[in-house]
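What follows is a single structure, written as structure tokens, with notes after it.
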Amino acid sequence: MAALETSRGTTLRNAFGNVFSFFILILIGVLAFSIRLFSVIKYESVIHEFDPYFNYRVTQFLTKSGIYEFWNWFDDRTWYPLGRVIGGTVYPGLTLTAGTIWWLLNSLNIPLSVETVCVFTAPIFSAFASWATYLLTKEVKGTGAGLTAAALLAMVPSYISRSVAGSYDNEAVAIFALIFTFYLYIKTLNTGSLFYATLNAIAYFYMVCSWGGYTFIINLIPMHVLLCIVTGRYSSRLYVAYAPLVVLGTLLASLVPVVGFNAVMTSEHFASFLVFIIIHVVALVYYIKGVLSEKMFKVAVTLILSLGAIVCCAVIAVLIALVASSPTMGWSGRSLSLLDPTYASKYIPIIASVSEHQPPTWPSYFMDINVLAFLVPAGIIACFSPLSDASSFVVLYIVTSVYFSGVMVRLMLVLAPAACIMSGIALSEAFEVFTRSIKFQLPGSSVHSQVDVGVKSSENSLPQNDVAKTDKTEDTLKERPSRKNRKKEKEPVAVEKPSVRSKIEKKLLVLPLEASIISIFLLVLLGAFYVVHCVWAAAEAYSAPSIVLTSHSHDGLHVFDDFREAYAWLSHNTEVDDKVASWWDYGYQTTAMANRTVIVDNNTWNNTHIATVGTAMSSPEKAAWEIFNSLDVKYVLVVFGGLVGYPSDDINKFLWMVRIGGGVFPHIKEPDYLKDGQYRIDSEATPTMLNCLMYKLSYYRFVETDGKAFDRVRRTEIGKKHFKLTHFEEVFTTHHWMVRIYKLKPPKNRIRGKTKKSKSKSSGTTTKRSRSGKKNPWH
Amino acid sequence: MGMGSRLDLFLLTIAILSGTVLSDLILFKVDRRVDLTSQVVRVTSTLKVENDGTNSVSEVLLAFPDNQVKHLAYLTVTPNEGKGKSKHSANSFPVEVVHPKDMPPALTFYSVSLPKALGKGESSTFDVLAVFTHTLRPFPEKITQADIQLLVFQDSAYFLSPYAVRVQSLSVKLPDARIESYTKLENTKIHGSEIKYGPYENLPPFSYSPIVVHFESKQPFAVAQELVREIEISHWGNVQVTELYNLNHGGAEIKGEFSRLDYQARPHIRGASALRNLVARLPPRARSVYYRDEIGNISTSHLWGDSKKTELEIEPRYPMFGGWRTSFTIGYSLPLQDFLFQSEGKRFLNITFGCPINDVVIDTLIVKVVLPEGSSDISVSTPFPVKQSHETKLSHLDVAGRPVVVLEKNNVVPEHNQYFQVYYKFNSLALLREPLMLISGVFFLFVACIVYMHADLSISKSSASYLAKLQWDEVQSIINRCLAIHDKLEVSLRDLSRTGDAQSCKAARKAADASLKELTKELKPLLGFLQSSQQAAQILPKVENLVAKEKDLQDRLLAKHSTVVDCYEKKYGGKEIENRVAQHQQKINALRQEVDDLLDFIDEI
């Protein structure tokens, strides 16, 4: 009867604990959401950076035209004159998510603008992501670890950097989808329920919809399955967790237009199919083992092994032949640069030119995951005691993601959840050990004294059941597939069972009281440091929308709103069908904010087209005019930071234009622009450099500002100060000169010297056409 | 343009003069003042009318040529009561368009109704204010950044009237003393930036003498092609005003380069007529003011406020040169009690019609008044005629939608900035509808949750496998309880070793024995069921095994317990006890392990 009473007490405590953790989770969600609002509070509710503008524009189209129009959308505002099939080349997850939210709100008559929905999608999904982290970690190591991991993820700077309000990018929803897919996989693995396996396939589908990073899932899970099989952990649960995922997941993935047949044809997916075959073979072997007697089994094994080896060889040979037949061996450029970090810089300058594709530096680890970097090893150790299917998965996850983050800065984002889970486990285990030690040694209630005795009398295998009961009752309890059953069971089993098990599993770990108190204090300090760092990172480092810049000077805050000034000017004072040429970085923004047709944009799908623009920018004025004119360009936009010292301007990106242009058009040679291997724009610079279009458009009449033409970014006086433009005219320059827009002069100016007598316009244009046909640089 | 239109006007004059005019009235004195300092042309004429005939007359006709009428934005006639009186006094005379017979074409007549009919020989003096938009034309039409904007103004030197005029004069006020050219007639004088024509005496009806003034003006021409003002009333205490401007610079268009360098270095020479900023005079106590366009907030604005007004100075994103366009939105909240009143059981909104920015000419002004959902009996009263229509707007949690009164007017000038009223009926209780809707929504959500948590949604409860599962769960719980009792026994042994109190240990033993027996009893029928159930066939052998093992364990434990208690009673040494128990202990540990494994195993099945 006494047992019943204590069980009732524990049930109550359990219920209280559940409610408590529910509220903690809500608070974590609120934290995750609100820490990302610094950008709105400090700046404004606006879409950030480059890619988000494209996503925003797509979402606008979706909400305006509906889903079917969206799938068939051919965008003629970009990649002029080629255009781009948006519906078939975009990961639609984010757009559809925001579109659905918008549609839902509007059908409830809550008139939020599409922009508002887009701005706040990322913070909302980071709250979801931290809840998913809780679920995943709970499956691995219990509620305590789950809550800690969720709290850590809610404010990990690496994730904040991609999901502040306004950062409307694929990663915002993809990280949630990634974690949730992993959670469902682990859940299926722990329960063996087909229900969760199906959910898992759907979550995987959502991930495929939202981000190219889904290949990480479809490679990591097979790796884990393989690991389980190799280490002899094969079970029917593993089969249920994996086989439906591959079948359903692949079918669903091929429904996404951008993936399509890639889901079965590219090498990124082959690992999953291989493991799919292996798991079936293993399942068959286990089945046969159960059916046959031992002797028969041995005979069968030898038979099958010899047969199987032959078949395997044949299959592998076919596979290799298939893979080898495709030029990049079936791997996409980005995946290849992951496997071989030097690949991109060797062959695809366009991937290498993006700063987020560079390998990270050590400080960026500290900046992005902070103290988690130190906690991760402890978490890995905690995962090994004891090693379960689930904990082996997270170990595998952290190991692979550490590698990937070492290749590209951008993939730090994949590392962040793994690091949070590991650190959550480490922290919660550490807290558990310390608090248990303190509890033992504090003069406590009878419950404790009882256990106290147990400690003294025998040291080998006596239980600390009461302690285990207090906080860990629920975690060790195996989840039941049906909620109903679980509920019924909870009362008797939940109390007794862990106590039984803890007897065997747990070794008694008691540290001295003082040591544990000090350790707890230090851990709290570490946590506090982490929180302070995260808040700082969220507020200072990652909230700037990058289209608005601010600087603090002695006379207060100064706002540089030049980009929007230029885009607003373009959108209001040029013709709707005018084409604007700029380096591809500004393509998305120009189409979204100025609503003008651009030649190239951030999608970078056509290297030749980008190289054409790069060539024009690095050619002398006349040749550039011809290239631009043949592309029907009316305005050329350059970003110039020399007046105010804005470092990421076109002159600093110029070498990439030369490289990319030179990669396709060999008459552009990088050494022509370098003086003794150095990139410079002062009087030492090469004449090619000083005569190229980019230089001229950037520095046109710059000398008249201060008389010396001192460039504040390059910290030098420019080489060629006084020059005139013959084929371009300045039509707009923003307040701080950060964006300068030039118009191509009409062709009659160009032929003035030759056919001075004939003033008729028609003859001028015909001459132009025939000549530009001849001199076209890519013929 | 000069010659052609002059010729036109000349022909027009001929046409007019040939018409027959019969009237008893004469204009004794006409003083016209044309103000060209801004883009809006304001013509103020002071007329002294005298009745020369015998019949008393109460209507005075004003004539405007059609090409002016199309730009006429505002016309008001007020009695002249000396200077210093407000122009917009309520007692302005009613004016309406009339089409009198036997009048020359290409003229539009407005009839002013005097409050008191003029008898024979009586006279009356009143002011006519006519406001024209788009009558100043830039010439040349395109200038470079360095050029100065020149404007052309055309009018008649004589007051165009169906009546004879005794004495008249005209003065044209220009913004700047620099005048390119002007028509010189007799009695033309220049006073600084003012040109004076007249006085001219005894001119017949419909006298016309065209004049052209070509002058310099640095005024930017801010023209809003469309302005949509949305005034939304919330009875929670707020009037939200949102104004969407579509603005362009209607002055001389810029041609050629725009150089920021020149503009920054010499802003008043290179870019003199650029539109730099606008000042909006908002009502006092305006809150939450914002200024943005479709790509976000525009950071160049300043706000001041005192008890009489709130002033918002805004700069467009870029300085606007001639022909450039932009669009932006201004929004602000106003306290409800300043604008909403009640009379005769109806509520009415009393708010200004025009836009708060001075010096903006609005081609099309659309004012939308969004009334709260459930308003009825809506009527509008405006001081001047407007086009009216109704629509509904669905906003926050609306079901039926909010009634919207749409008022549209073309050619709006600052003179139109007058109050208008929207009357409607609204029940205050309707305010609570939306909160109640929300509350009930959340309530039903919780109810649904509760129902879901309490409903058993399993597909089959009578199937054998489900029952077998239930049975197995119970078996498991019984076994677990047995194990718990074992633990208790162990604990009692430990107590014994500490306190040496054999008695309490025995008591514990007794209790344990009893409960174990009970559990065994409970177990039996369950096992029986499991045996009979087909679904449980796979786990049955394991379960039986488990039960047997448990039984064994139980026996061992009891044996150990008895031994230990026995030893204590016989007061053996610790070593001795350990020796005796060791064998049992080993077996117990092994059995315990097996039982746990079995439990796990069956669980997984």
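Just the heavy atoms: all of them, side chains too, but no hydrogens, waters or symmetry mates, feed the values below. In this text, all values refer to a predicted model and were calculated from it rather than measured experimentally. All chains are named by letter (A, B, ...) in the order of the sequence lines, taking the proteins before the strands, and each is independently numbered beginning at 1.
The candidate from B:M320, B:E294, B:H396 with the greatest count of non-hydrogen atom pairs under 4.5 Å with chain A is B:H396. Among A:R701, A:M593, A:E115, the residue with the largest count of heavy-atom pairs under 4.5 Å with chain B is A:R701. Ranked by non-hydrogen atom pairs under 4.5 Å with chain A, the options B:L397, B:I485, B:I298 are led by B:L397. Contact count against chain B (heavy-atom pairs under 4.5 Å) is highest for A:D561 among A:I547, A:D561, A:D562. Annotation: maximal heavy-atom pairing with chain B below 4.5 Å, among A:F702, A:Y43, A:Y700, occurs at A:Y700. In terms of heavy-atom pairs under 4.5 angstrom with chain A, the leader among B:N248, B:L394, B:L261 is B:L261. Among the candidates B:S395, B:S299, B:G256, the residue making the largest number of heavy-atom pairs closer than 4.5 Å to chain A is B:S395.
Within the 4.5 angstrom heavy-atom criterion, no atom of B:T300 approaches chain A. Looking at B:D262, the atoms closer than 4.5 Å to chain A (heavy atoms on both sides) all sit in the side chain, from C-beta outward. Looking at A:E44, only its side chain comes within 4.5 Å of chain B, counting heavy atoms on both sides. Only the side chain of B:Q264 comes within less than 4.5 Å of a heavy atom in chain A; its backbone stays farther off.
No salt bridge links B:E315 with B:R276; every basic N to acidic carboxylate O contact stays at or beyond 4.0 Å. Between B:K368 and B:E230 there is no salt bridge, since no side-chain N of the basic residue sits under 4.0 Å from a carboxylate O of the acidic one. A salt bridge does not link B:D293 with A:R564: none of the charged nitrogens is closer than 4.0 Å to a carboxylate oxygen. Electrostatic pairing of B:D487 and B:R592 counts as a salt bridge here, judged by a charged N lying under 4.0 Å from a carboxylate O.
Because its NZ or CZ atom is not both nearer than 6.0 Å to the ring centre of A:F732 and within 45° of the ring axis, A:R740 does not count as a cation-pi partner of that residue.
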Inset, instruction - Show your reasoning for whether salt bridge (Lys or Arg N to Asp or Glu O under 4.0 Å) applies to B:E257 and A:K743. - result: CA-CA 9 Å; B:E257 290 199 342; A:K743 192 177 184 178; over 6 Å; no
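Side-chain atoms of A:D706 come within 3.5 Å of backbone N or O of A:A709 as a donor-acceptor pair.
The distance between the ring centers of A:Y742 and A:Y635 does not fall below 6.0 angstrom.
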